[in-house]
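Notes to accompany the following structure.
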Amino acid sequence: MSTPSPTSSGEELFDAEFLDRLRALFLRLRKRKQLRRKGLQSSPATGFTREFKDFRHYTPRDDFRSIDWRLYARLDRLFIRLYEEIQEFHVHIIVDTSGSMIEPFGEKRLTSLKLAVALAYMGLVGHHRVSLYSIGESISDPPPPMKGQGSFQRVLDFARDLSYGGLTDLSRCFQEFQPGRRRYGITFVISDLYGRDINEAHEAVRHAGAWPGEVHFIQVFHPWEEKPDVEGEIELYDVETQEHRRLWFTPRDRERYEATYQEFLHDIEKTCQARQIDYQRWRTDYPFDELFLDLLSRGSALAGHG
Amino acid sequence: MQFLNPGFLWWLLLGIVPVMLYLFRRRSKRVRVSTLVFFKTLAQEHQESAWLRRIKKWVSFLLTIALLVLSVFVLSRLIVKQDDADQYRTVILLLDRSASMAVQDESGESRMDAAKRLLTERLKKVPEEVGVALIAYDVRPEVLQARTLKRRELLSRLDTVRSRPIPGRTDTALEAARMLAGLEPPAAIWHVSDQLLPRPESLVGGETTDLPDTPVALPDGIALRELNLALPEISNAGITALQLRPVPLEHSRYDAYVEIALNTDAPDALAVRLNVSVGGIPSQLREVELAPGEKKGLTFRLDGASDQILRVWLESDNDLFPLDDQVLLPLPEVRPIVAAWIRPDAGEDPYTRLALSSIQESGSFELLKGGPSAWPLREKVDAVIFDGWLPPEWPADIPAVVINPPASSGPLLVRKLDAAVPYGSVGVGNEDHPVLFRISSSRVAVTQTAVFETQGGLEPLWTAGREPVLAAGEINGQRIVVMAFSPGLSERLPLTASFPLLMGNSLFWCVGREDGPESNRLFSTGELAPVSGESILWTGPAGNEGRKQRAPLHGDVVEMDRIGMWETDTGVRGASHLLSVSESDIRALGPDGGGDPDYFLADSGIAGNLKAWLLGALSVILLLESWLFHRHAVY
C-alpha cells in the first residue's frame with residue numbers, strides 16, 4: 001500500500017527561503033573548505049581538468065614528474081606541484097519511502113525529502129550527475145541522471161511524486177542497488193532503517209559496504225521514537241505491517257525501550273564505522289541547517305568540490 | 001430475604017463510584033508506530049497479560065461491585081427467611097428431659113442427643129436479634145437459660161442438658177414457657193419431646209377427629225411449634241407401681257403389690273418375667289404376657305424380711321427402656337413396739353393382761369407395766385395404754401389407748417357410769433377401720449362403763465345403744481383409741497380372739513407402724529422426700545457398692561432425682577424409682593409424624609443469617625482477585 005505524497009508542490013520542499021539558506025550553506029562550506037585547504041589530499045582519480053592546488057616538498061615515491069623544476073632552480077630544493085582534480089561525481093540519493101517514513105510522523109518524510117532535495121541541489125550546483133532512488137520493498141528504477149541546475153525542477157517533481165507506504169526490505173534494496181564504477185560515486189541513504197526485525201539494518205549495511213565511492217547513511221527518526229511519552233495500557237499499531245499489539249506500558253518498560261533503541265542506533269553506527277561508511281543520526285526536531293552543514297563538512301567529496 | 005439493618009443499604013450508593021470509574025475509565029490508547037520491533041523486545045509477560053488486562057476491566061468492575069454489595073449485605077445483616085422464626089422477638093425452647101428421652105435408636109443416639117443436635121442446627125437459622133430462652137422440664141420445669149441474644153452461651157447451656165430419670169409433666173412446663181414467652185412477645189414456643197403435648201380430652205374423646213393445631217389455648221402473639229422425636233416403633237414393659245405393707249400383727253411379713261404395664265404403642269404383645277429377690281435370694285418368679293397398653297397387678301407375700309434389700313425386676317425381649325425395669329427397696333428394720341400399760345395398782349384386769357401377753361409372744365411387742373405412780377414415764381415408749389386411769393395432765397405426744405376411762409382428761413370428755421351397762425351386741429360404725437382389721441364384730445358383747453364425746457377426730461367404731469363404746473381417731477395429730485367398756489366385766493369379749501386382735505390393732509394403728517414412714521419410704525423420682533441430716537448417700541440401681549455417691553443435704557427435703565436407694569447420715573433410708581404410668585407408656589411416632597417436623601428438620605442449605613456465607617464469598621472474591629492480579633503479574 002502506498003500513500004501519495006501530501007506534497008502538492010515543490011514550495012514546501014524547496015521554497016525561496018530554503019534556497020537562500022542552502023546557498024548560504026554552500027558558501028559556508030566553501031569558506032570552511034578554504035580554511036582547511038592545507039593538508040588535504042586531492043582525489044587521485046583522473047578528471048577532465050587539472051587545477052593547481054599547492055606545493056609540497058618532494059618525498060621519495062612521489063611522482064617525479066610533478067617536480068617543479070623552476071622552483072628547484074630558484075630555491076635549490078625539490079617541490080612537487082599538487083593538482084586538484086575537478087571531477088564529475090555521480091551522486092546517488094536513496095530515499096526511504098516505506099510507510100514508516102510518513103506515518104505516524106510526517107516530519108520524517110518532510111525531513112528526508114528536504115535532505116534529498118538539498119543534496120540533489122548541491123550535486124547539481126557542483127555539476128555532478130544526480131540520481132534519485134526510492135526504496136521500500138524494493139528499490140525503484142531511477143530516472144535518468146540529472147545534471148546542471150536546470151534539472152532542479154525535475155528533482156522537485158521527483159520528490160513531489162514519491163508515493164509512501166508499504167514495507168521495508170532493506171537487505172533486498174541494498175542488494176539490488178549497484179552503483180556504477182565508471183564514475184566516482186557518492187551515495188546518500190536517507191532512511192529510518194527500520195526493518196522487519198532489529199538486525200535487518202545491520203545486514204543491509206553490510207551490503208552497502210561493497211558499494212564504490214562514498215557512502216553516507218542518514219538515519220532519520222522522530223524524537224518520539226527515541227523517547228516515547230506513553231504510559232499505561234496502549235494498543236500499538238504498526239503502520240507498515242498493520243500488526244496490533246496491546247500491552248501495559250510501564251515507566252520501566254519505557255526505560256528498556258529507550259535503551260533498546262539507543263542500542264539499535266549505536267549498533268548501526270558501529271557497523272557503518274567498521275565499513276568506512278559515514279553515518280549520521282538525523283532527529284527531525286534538530287535544526288536542519290546545522291545537521292546538513294555537519295553532514296557535508298565531514299569530508300564528503302560533494303562538499304569538497306565547492 | 002430480609003435485611004435486619006436496612007439503613008446500611010444506603011451504602012450501596014457507594015457503588016456509583018466504581019460504576020463511574022468503569023464508565024469513564026481510561027480507554028486503551030491507540031498508538032500508531034513506525035515499527036513494533038522495539039516493543040516486541042519488552043518482557044514477554046507483559047505481552048501475555050494483555051488479554052488479562054482486557055478482561056480485567058469488567059472482571060475488576062464486577063469484583064469491585066460484588067465486594068461492595070457483599071460488604072453492605074453483611075453490614076445490613078441479610079437473612080433468608082426459611083420460616084417464621086424471624087417474626088418473633090423470643091423463642092422459648094421447651095425441652096423435655098424426662099426419663100423417656102433416654103431411649104436410644106438403632107444408632108445408639110438418645111432422644112435427648114437428637115433433640116440437642118436438631119435444636120442446635122435449627123438455631124443457626126434463627127436471626128441473631130431473636131432472643132432465645134431454654135426451659136428443660138421433667139416433673140417440674142427449670143429455666144436453664146433466660147432470654148438471651150448470646151447464642152453461644154445458649155448452645156453451651158443446651159449442651160449441658162441431660163435426660164433425668166424423672167417422669168415428665170407438661171402442663172407446668174407449658175405454663176412456665178407461656179409466662180416466659182409473655183415477657184417479650186411476639187414469641188414462639190418450641191416444644192421438643194418424644195411425644196406431643198396432650199390434646200384437650202373433650203376433643204380427643206369427642207367426635208372431632210381433626211385435632212387442633214395447638215393443644216392449649218395460647219394468647220395472641222405466642223405460637224407453639226412441636227417436634228416429636230419418638231421412635232417409629234418401640235416396645236416397653238415396666239414396673240409402674242410397687243407397694244409394700246407389713247402383714248398386720250405378723251412380724252417380718254410383708255405383702256408386696258407390683259404393677260407392670262406394656263406401653264400402648266407396642267407393636268405386639270410381650271411376654272415378661274417378673275423376678276423378686278430379698279437379700280439377694282430369689283423369692284418369686286412370675287411370667288406374664290402383656291398386651292399393648294395392658295396393666296397387671298401382682299401380689300407377693302414376703303416372709304422373714306427385715307433390713308434387707310427387696311429387688312423386683314422385669315425381663316423381656318425388645319425392651320428399649322431399662323429405667324423402669326427394676327425396683328430396689330430397703331426393707332425396714334423391724335423393731336418391737338414398746339408400750340406402757342398404766343393401770344391402778346389394785347385393778348389389773350387379767351383379761352387385758354392376757355390379751356397383751358398373747359401379743360407380746362409374737363415378738364413384735366414389748367410391754368412395760370406400771371401404776372399411776374410410774375407416771376410420767378422415764379423410758380421412751382411408742383404408745384401408752386391407760387387402763388382405768390387417766391393422768392391429770394394429758395400426754396399430747398404419745399399415742400394412747402384408753403380402756404375404761406374413769407374421768408375426763410385432755411381432749412377426752414368422759415363421764416363414768418355409776419353402774420356398768422351390759423350390751424349383747426354392738427353396732428359397727430366403720431368396719432373397714434384398721435382397728436377392726438380381722439375382727440368379727442357380730443359376736444361381741446360388751447359392758448359399757450363410761451360415756452364419752454366423739455368430738456374432734458374420734459370416729460365411733462362400735463356403738464352400744466346410742467353411745468359409742470369404741471372410737472379411734474386423731475386429735476391434734478395424736479392417735480387415740482378409746483374403749484368405754486371394761487374387758488373384765490364384758491361377758492364374752494375377753495374370751496374371744498377379737499379382743500387380743502383389737503388390742504393389737506389398736507396399738508399398731510396408734511403407733512402407725514402398719515403404713516408408717518419406715519415401711520413406705522419408696523418414692524417416685526421427682527418427688528420431694530422429707531429428710532434430715534447433712535448428707536445423703538445414694539446407691540446405684542444395681543446395688544453396687546462402687547456406684548455409691550454422697551451428696552450434701554440442703555434443707556429438710558431432697559429431690560428424688562435419680563434411681564436407686566439412699567440413706568441419710570441420720571439413718572433414714574429409702575429408694576427412688578421411676579414408677580410412672582405415663583413415663584413408661586412410651587409413645588411411638590405416628591404415621592403422620594405429628595408436630596412440625598418440616599419446621600425443624602427442613603434444610604434449605606442457605607437459611608437464617610447469611611453473614612458466614614457472605615464473608616465466605618468476600619474471601620473467595622479477594623482470593624480470586626489476588627490470584628488474578630498477582631499470580632498473573634498484572635500490575
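Here is the naming used below: chain letters follow the sequence lines, and residue numbers restart at 1 for every chain. Atom set for the values below is all heavy atoms of this structure, side chains included, hydrogens, waters and symmetry mates excluded.
Contact detail for B/V31 and A/V230: the closest heavy-atom pair is CG2-CG1, 4.1 Å. Nearest heavy atoms, A/R196 versus B/V37: O-CG1, 3.3 Å. Of all heavy-atom pairs between B/V33 and A/P104, the closest is C-CD, 3.8 Å.
Between A/W224 and B/F39, the ring-plane angle classifies as tilted under the 30° and 60° cut-offs.
Interface residue A/Y257: backbone and side-chain heavy atoms are both found under 4.5 Å from chain B.
Around the CG atom of A/D285, the shell of radius 6.0 Å holds more than 12 heavy atoms that belong to other residues, nucleotides or ligands.
Rounded to the nearest 0.5 angstrom, B/T35 OG1 and A/F221 CZ are separated by 15.0 Å. In this structure, OG on B/S34 lies 3.5 Å from NZ on A/K108, to the nearest 0.5 angstrom.
Interface remark: of the candidates A/D238, A/I198, A/I234, A/D238 forms the most heavy-atom pairs closer than 4.5 Å to chain B.
Shown here are the side chain to side chain contact (heavy atoms under 4.5 Å, CB included) partners of B/L67, two or more places apart in sequence or in another chain: B/L618, B/I621, B/L622, B/E625.
A salt bridge (Lys or Arg N to Asp or Glu O under 4.0 Å) with B/R32 is found for one member of A/E243, A/E240, A/E103, A/E235 and no other, namely A/E103.
Near-neighbour residues of residues 264-284 of chain A relative to chain B, defined by a heavy atom under 4.5 Å from a heavy atom of that chain, comprise A/F264.
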